[in-house]
Each structure stands twice: as structure tokens, then as C-alpha cells.
Amino acid sequence: MSEAINIGTINDIDEGEARVITAEENGTDADIAVFHAEDGNFYALDDTCTHETASLADGWIEGTEVECPVHSAKFCLKSGSVLCMPATLAARTHKIEVSGEDLLLYPSVSVLGA
Amino acid sequence: MSVESVLIIGGGLSGFTAAKELRARGFAGTLSIIDPEGLPYDRPPLSKDYLAGSQDAAGIALVPEDWYAENNVTLITGTATALDPDAGTVTLDDGSVLAADRLVLATGGRARRLSIPGGDLPGVLELRTKQDADTLRSLLGPGVHLAIVGAGLIGAETASSARGFGAEVTLIDPVQIPLVPAIGEVLATRLHAMHAEHQVRTLTGIPEEITQDAEGYRLRLSTGETVAADVVLVGIGITAATELAEAAGLDTDNGVLVDQRGATSHPRVFAVGDSARTRLADGTLLRRAEHWEHAMNAGSTAAAAILDQELPVHGASWFWSDRHGVHVEGVGAMHGEGEHVVRMLDGVPIAAFRLDSEGLMLGAAAIDGGLTVRAARRIIDRNIKVDVLALADPATPLKKLAR
């Protein structure tokens, strides 16, 4: 299990917004988008849409879904599953923990418990 | 009568979505898709990444091949040659006859040909299938002269992709600035200017004749100009493939006529996608829609209707285009009466909106403005009244106006 990274506080990302933790920062081979969903919770997915090259952090966040800003594929922030084509592959999830006000990201630790 | 089997004729996005949604909605009966090309694939990349070679055939498959076995959907490679709605049967080109409780026509469109002398010369290409894209790609290269007739989405995107091969491109259209009805005049003008910035020559005119000799092709235009080309591509729209429906006695009129559930004039047969055209209860015929999302939505509506479930609600229509490194999107309707508001950034138009007399948004378009269009779509669908000054101000994220 990989180490948690402190990526700032819960006040750093407004509800309905997202922030990219670059591959360099997160130590994996891919940028990770950290979303502050409209259910108040934080979720993390691989930032690049599984369809074509686009940043999901730049997407439209509504409820607990994100819509890709380019071709409108939709992903569930909780599970990474595809809710709307053109994407067909689920986005990889990463565990997020809120400790006090701190946001902890566990790169490559799936929320699905895989 | 409960539906125990569904046969989908056509494996484009619409037919595929009908199958996918039938399964997602709990349909456990027999489900097959008939298509001459086999594994269903996505068409938008055919003028973009697939043509450029940065995406391969596996990359544009709508879903990986194992999805079909996992979801118990049978892919039948073949061409339907006849259907009998009363009997619920479909005859294939190999003579076999298949039967199902419901038939879904997803026959799509065919590239419209140029009806001028020489318009049917061998080598005058179209771009509708993977094979068409493979053919075109094999002919592109540095210095190859490509003439494209039609500067709409496919023509413009192909021009951009062909520049990536170093081809010399001439883009011909009867309209001086294409796409004005789709995205408004200001953005259309900006987009059209990008062709010249990327060394694509644009000509306004109508081809009247194509001839071929040892040197290649020559297109004579209505303006008197002649364009020499090694390769000619025609991208002037599609005609709906309605022959099967017509021969089966279904109502057609530039499309297979369907109600808002996707049902044709025969209760056993549904039609979706580019080949279908909606006829409202009062007899009004809607314009036939040809965009990607519409095809997906129609497949999903027909699936719900076949299972007698509540129909999904779809919002304002949406499309996109990619060319010369920019991403263009439009939502709703930009043509017709209304006030046009343009959002400029550093003297360059980046988005345009069309409002009605009440200030409600009817349409929006943007260049590299994904969030703007997503916000506009919600503003349109939810009838949110927005301030004109805020719309024009590039410093106001549209997202704020949509909440």
C-alpha cells in the first residue's frame, strides 16, 4: 500500500471544483484529479479521460459525477465507472482521506478495495 | 406481448446504444446486431485521430470485443436485404432469415455523391466508413494535392488532418463562411480563417465537372476556376438509408418516420439514428438529426420504448468538431431570430450565445470552451435567465451563471 500524500486542506478546493496532483507530485505514472463533489466529499480519479486526451479536473462536476469537458463522457466520482459514452473504460480511483482539515491522497490505492 | 427478442439492423452508435441500453435496462432476451462491418465502431475519429493514424481500429471500437459475449449480444456480420414487419423477419445477403419480436432499424446514412459529370469517377472519395478512412490515409503524404468538396465538419476536419501529412489542401464550398447556422457568424468566421492560417486554401464555388487524366483530377468550378488534385474527397452530407423500410412498406420521408418513442408506422419496428426522422403526433416532421449525441440518445429512447419503460429526457442538441488544434462545440440552435451575444478574449471571439426576446438562451457555441458549453447547456435546459453583460464578459465563468 502506497504512502499517503498530504495535498493540502479541505479549504483548498471549493465544492464543485477539482485540482490536479501531477504525476511528479503523486509519484505514479499519471496525473490525478482530486474532486470536491457536491455531496461535500472528496474523490480522486486519474485526471486523463479514458476516451481521449482531456483533463477531467477541467470537467463539469455535478452531484457525484464529472463530465469530460471535450466529448461529454461521464464518470462516477465514487467508483470511476462510466455513466455515459464515448468513454467505455472506467477511470482509475484513488483513495482520499480527510484527517482534520487535511486532505490525504493515497495514489494507486483503489477505493474499490481491489 | 412481452418482448423476448430484439434484432438491431446496423451497428453504428445508435444501434449499438439500443443494444447496450436494452441490457442496462434489464432486457434478458435474445439480442443481436447485424452489420456488414462487424464490430461496431465510433465514426467521429474517422476524419480526425483515426485518419491521422494516432488511433487504430481497436481504439475506435465502441466497446472492446469481449463486451458482446459478456452482455450476451450476438454480432452478425452481414447485410440485411429485406424485412417483413408482420412476420418480424429479416433476410440477410447470404439468404438466411432471422426473426425477432422487435426490429430496430439503425441503417444510418450514405455519403451524398456529387451529381455532376465526373462526380462518380473512380477515386472520387467519400468518408463514412473505416475503409474510406484507410483508403484516404493511404493516399495522403507530403505534397499530395487534396481537393475537398464541402467545408462542413467532415471537410474541415479532414483538411486539418491532411495538413498533418503535409498534403496541399484546397477546400471548396458554395458558401463563403460555412457553419454559420450551427455556431453563429462570428465564430464561424474565426474558424474559417483558421484554414488559411494553416495553409489550407479555401475557395468559394460549386464544382460543375470533374475530369481525370494522367496528371490527376481537375475540378471545374462555377467561378470558372479549375482546381488540380491528386485526390478528391466529397463531404457534402448524407442521405438517409431508407430502402429497407420503404420496401417493407413503412412510412418514410427523407428518413424512416418515427414517433417520439422511436416507433415506425409498424408497431414491431423501431428506427433510430441518422436514418430516422421524427413525426410528431400532429403530423409535423422534424428535421432529421445527424449528430453523434442524437444517435446515442435515439438508441437509448428506443430501448426504453421497446421495454415499455419511461422514456429518458434529452436536452438541447449538442455537437463538436476538432480541427487545426482547436475544439469547437455547439449546443441548442444558433440560427434564427434572437439576440446574439459574443464573448471576446483579447480581441478574439471565444463563445457566442443566442437569446430570445425574454432573455432565455436558445443556443451557444464556443471554441476551446468546454465548460462554457456545458454551462450553456444547463442554462438552456433549465430555462435559467442570464445577464447579457455577464455573458459577454470573459471574466465571468458561465458555470457561475448556471447555478
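Chain identifiers are assigned alphabetically (A, B, ...) following the order of the sequence lines, protein sequences preceding nucleic acid strands; residue numbering begins at 1 within each chain. If you're wondering where the values come from, they're calculated on a predicted model, not measured in any experiment.
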Q: Go through the steps to decide whether A:Trp60 and B:Lys399 satisfy the test side-chain contact (heavy atoms from CB on, under 4.5 Å), and finish with yes or no.
A: CA-CA 9 Å; A:Trp60 184 275; B:Lys399 198 171 172 180; 3.5 Å; yes
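For residues 16-35 of chain A, the interface with chain B (any heavy-atom pair closer than 4.5 Å) comprises A:Gly16, A:Glu17, sorted by residue number. Residues of residues 67-91 of chain A lying within less than 4.5 angstrom of chain B, judged on heavy atoms, are A:Glu67, A:Cys68, A:Pro69, A:Val70, A:His71, A:Ser72, A:Cys84, A:Met85, A:Pro86, A:Thr88 in numerical order. Heavy-atom proximity under 4.5 angstrom to chain B picks out A:Glu38 from residues 37-48 of chain A. Among residues 312-320 of chain B, the residues having any heavy atom closer than 4.5 Å to a heavy atom of chain A are, in sequence order, B:Trp318, B:Trp320.
Residue B:Ala24 does not touch chain A at all, counting heavy-atom pairs closer than 4.5 Å. Contact of B:Asp368 with chain A is not made at all, since no heavy-atom distance falls under 4.5 Å. At a 4.5 Å heavy-atom cutoff, B:Glu293 makes no contact with chain A through either its backbone or its side chain. When heavy atoms are compared at a cutoff of 4.5 Å, B:Ala366 does not approach chain A at all.
Taken from CD1 in A:Ile61 to CG in B:Leu371, the straight-line distance is 8.5 Å, to the nearest 0.5 Å.
Partner of A:Glu62 under the salt bridge (charged side-chain N to carboxylate O under 4.0 Å, His left out) criterion, chosen from B:Arg382, B:Arg377, B:Arg374: B:Arg382.
Counting heavy-atom pairs under 4.5 Å between each of B:Ala375, B:Ala61, B:Ser300 and chain A puts B:Ala375 at the top.
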